[in-house]
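Heavy atoms only: backbone and side chains are in, while hydrogens, waters and symmetry mates are out. Bear in mind the structure is a predicted one, so any value in this text is a computation, not a measurement. We name chains A, B, ... by the order of the sequence lines, and we start the count at 1 in each one.
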Protein chains: 2
Amino acid sequence: MTTAKTKILLAEDDENLGLLLKEYLNAKGFETNLFANGELAFRDFVKNQYDICILDIMMPVKDGYTLAKEIRQIDEDVPIIFLTAKSMKEDVIEGFSIGADDYITKPFSMEELLFRLEAILKRTSSAHKTAAIEKFEIGKYVFDVKKQTLQLDDKVIRLTTKESELLKLLCTHQNKILDRNFALKTIWLDDNYFNARSMDVYITKLRKYLKEDDSVEILNVHGKGFKLVM
Amino acid sequence: MTTAKTKILLAEDDENLGLLLKEYLNAKGFETNLFANGELAFRDFVKNQYDICILDIMMPVKDGYTLAKEIRQIDEDVPIIFLTAKSMKEDVIEGFSIGADDYITKPFSMEELLFRLEAILKRTSSAHKTAAIEKFEIGKYVFDVKKQTLQLDDKVIRLTTKESELLKLLCTHQNKILDRNFALKTIWLDDNYFNARSMDVYITKLRKYLKEDDSVEILNVHGKGFKLVM
DNA sequence: ATCATTCTTTAACACTTTTTAACTCGCATT
DNA sequence: AATGCGAGTTAAAAAGTGTTAAAGAATGAT
């Protein structure tokens with residue numbers, strides 16, 4: 001039996017660094033595909049199966065963060081590592097790193113990258129088998145995150161992506177306050193006024209879906225966020 | 001079903017001690033996230049679900065006591081252990097330990113920490129299942145903390161967050177004086193003049209809600225605070 | 001490509017929550 | 001009784017939220 005090589009998607013606009021990384025990783029036994037911007041990387045990601053993605057944040061045409069978000073749209077699980085400039089503020093990186101498995105600040109050593117890479121692959125490959133089904137019980141409802149459905153007895157409500165993302169955040173914070181801005185940055189990527197209003201609209205929708213069970217409620221905490229209590 | 005690791009939030013500014021504790025706890029099967037100050041710890045707490053918090057009192061930027069209060073704002077139940085310097089007076093510690101499940105004076109052995117940790121987890125994890133409903137009987141009223149409702153016979157009054165928080169504090173101090181500044185710092189985080197006046201407005205509101213039962217009263221203790229008697 | 005459908009955002013308006021202001025009353029110390 | 005400060009109360013201001021409908025985008029089928 002032949003063990004397939006671990007496939008790496010590498011998005012890096014700096015050609016020197018990109019080729020260097022590719023050479024190094026391939027020498028270490030990986031199969032690396034390099035793309036000069038997020039657009040090209042994404043087009044290839046759609047067509048191929050990758051085990052891990054290494055994305056530079058700063059890239060022309062499509063930046064790494066946007067790319068990561070798009071990758072997440074079609075694959076919730078593939079590990080993503082960000083490459084960030086050291087000059088970036090910690091809180092910015094923190095925002096970026098949401099949904100990422102790790103980030104490395106430039107300049108970094110090849111060894112460091114390899115180390116983290118292996119740590120993540122180890123961690124995710126074992127977790128992969130168990131984390132397949134993710135369901136929440138919300139009162140009498142059953143919320144299937146992956147299938148984006150909300151089930152009550154024999155009635156199945158199909159949720160949209162945004163509805164599902166928001167409900168998932170509420171569930172993971174159940175009986176705690178889900179901070180408005182956190183939710184906005186996580187789901188909408190930007191906590192501006194319009195996105196905030198959009199979120200309010202979705203809260204209304206979720207409340208409508210959940211109104212059949214009085215033991216479940218989405219409370220508002222003025223100026224802070226929302227709380228799913230049950 | 002997979003048993004998830006118990007997640008520990010560790011806030012400790014002494015890097016040596018912090019890493020040591022983290023290593024030790026992880027070796028014992030916990031998943032520990034270490035933060036160098038209260039600010040960083042809080043930011044992460046908002047985003048993640050922790051099973052227990054271990055907070056050093058003395059920390060730069062944001063001390064452990066302040067952090068604990070903010071944590072309590074969004075999570076009433078998560079166990080909190082304080083790490084305190086031995087030099088602290090007992091009465092100070094007592095004040096600090098309000099809302100905490102335990103405190104350990106430095107220096108302490110790893111074994112001691114582990115012992116207390118497990119004791120608390122045992123205690124709270126079993127309580128968790130029952131303590132889901134937190135209700136107070138206030139005369140003929142029933143106050144549901146989680147759902148922020150005040151019920152009298154078949155009439156249900158929906159309380160706002162601030163109303164609910166204040167009433168809860170009054171209930172936990174029933175027939176005892178609820179200190180003004182304590183309440184302000186707990187709910188408003190700051191005991192300035194305007195917040196104090198705001199609190200007075202809320203006292204008026206609560207009195208109105210509770211006026212149907214003469215056996216219940218919110219008394220003022222001049223210059224000290226308020227007392228819910230019944 | 002075009003149309004129909006679904007999802008998401010924007011707009012509009014009503015309503016709530018919280019804070020601030022203003023005025024009044026009461027307690028305590030002189 | 002006079003003073004000063006704390007507290008009681010009401011109302012308005014300021015900010016935030018609830019809700020519905022329609023516009024705009026994205027998606028999928030013909």
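Rounding to whole angstrom units, CG of residue B:Asn192 and P of C:dA21 are separated by 12 Å. For the pair B:Leu178 CG and D:dA7 P, the computed distance is 12 Å after rounding to whole Å. A:Ile157 places its CD1 atom 16 Å from the P atom of C:dT6, with the value rounded to the nearest Å. Distance, A:Leu189 CG to C:dT8 P: 13 Å, rounded to whole Å. In this structure, the OH atom of B:Tyr193 is 10 Å from the C1' atom of D:dC5, given to the nearest Å. Distance, A:Met199 CE to C:dT10 P: 15 Å, rounded to whole Å. When the C1' atom of D:dT19 is taken as reference, atom CG of A:Leu206 falls 14 Å away, rounded to whole Å. In this entry the distance linking NZ of A:Lys211 with P of D:dT19 reads 11 Å, nearest Å.
Less than 4.0 Å separates DNA chain D from no heavy atom of any residue of residues 158-176 of chain B.
Where B:Gly225 and A:Ile218 each meet DNA chain D at their nearest nucleotide, the meeting point lying more 5' is that of B:Gly225. Where A:His222 and B:Phe194 meet DNA chain C, the nucleotide closest to each residue was compared, and A:His222 sits on the side nearer the 5' end.
If you check every strand for non-hydrogen atoms under 4.0 Å, A:Asp200 touches a base.
An OP1 or OP2 oxygen of D:dG8 is reached within less than 4.0 angstrom by no side-chain nitrogen or oxygen of B:Thr204. Between C:dT18 and B:Arg197, no contact under 4.0 Å exists linking OP1 or OP2 to a side-chain N or O. Remark: B:Trp188 is not in phosphate contact with C:dT18, judged by side-chain N or O atoms under 4.0 Å from OP1 or OP2. Between B:Lys208 and D:dT10, a side-chain N or O to OP1/OP2 separation shorter than 4.0 Å is present.
The side-chain contact (heavy atoms from CB on, under 4.5 Å) test with A:Tyr141 singles out one residue from A:Gln151, A:Glu212, A:Lys155, and that residue is A:Glu212. Checking each of A:Leu167, A:Ile187, A:Val201 against A:Lys162 for a side-chain contact (heavy atoms from CB on, under 4.5 Å) leaves exactly one that passes, namely A:Ile187.
Within a 6.0 Å radius of NZ in A:Lys168, no more than 12 heavy atoms belonging to other residues, nucleotides or ligands are found.
Remark: A:Lys176 is positioned above the aromatic ring of B:Phe45, its terminal NZ or CZ atom under 6.0 angstrom from the ring centre and at most 45 degrees off the axis.
Looking at B:Asp13, its side chain never comes within 3.5 Å of a backbone N or O of B:Pro60 through a donor-acceptor pair. The backbone N or O of B:Ile218 lies less than 3.5 Å from a partner atom in the side chain of B:Arg207, making a donor-acceptor pair.
A distance below 6.0 Å separates the ring centres of B:Phe182 and B:His173.
Considering only the side chain of A:Lys205, C:dT8 comes nearest among C:dT20, C:dT10, C:dT8.
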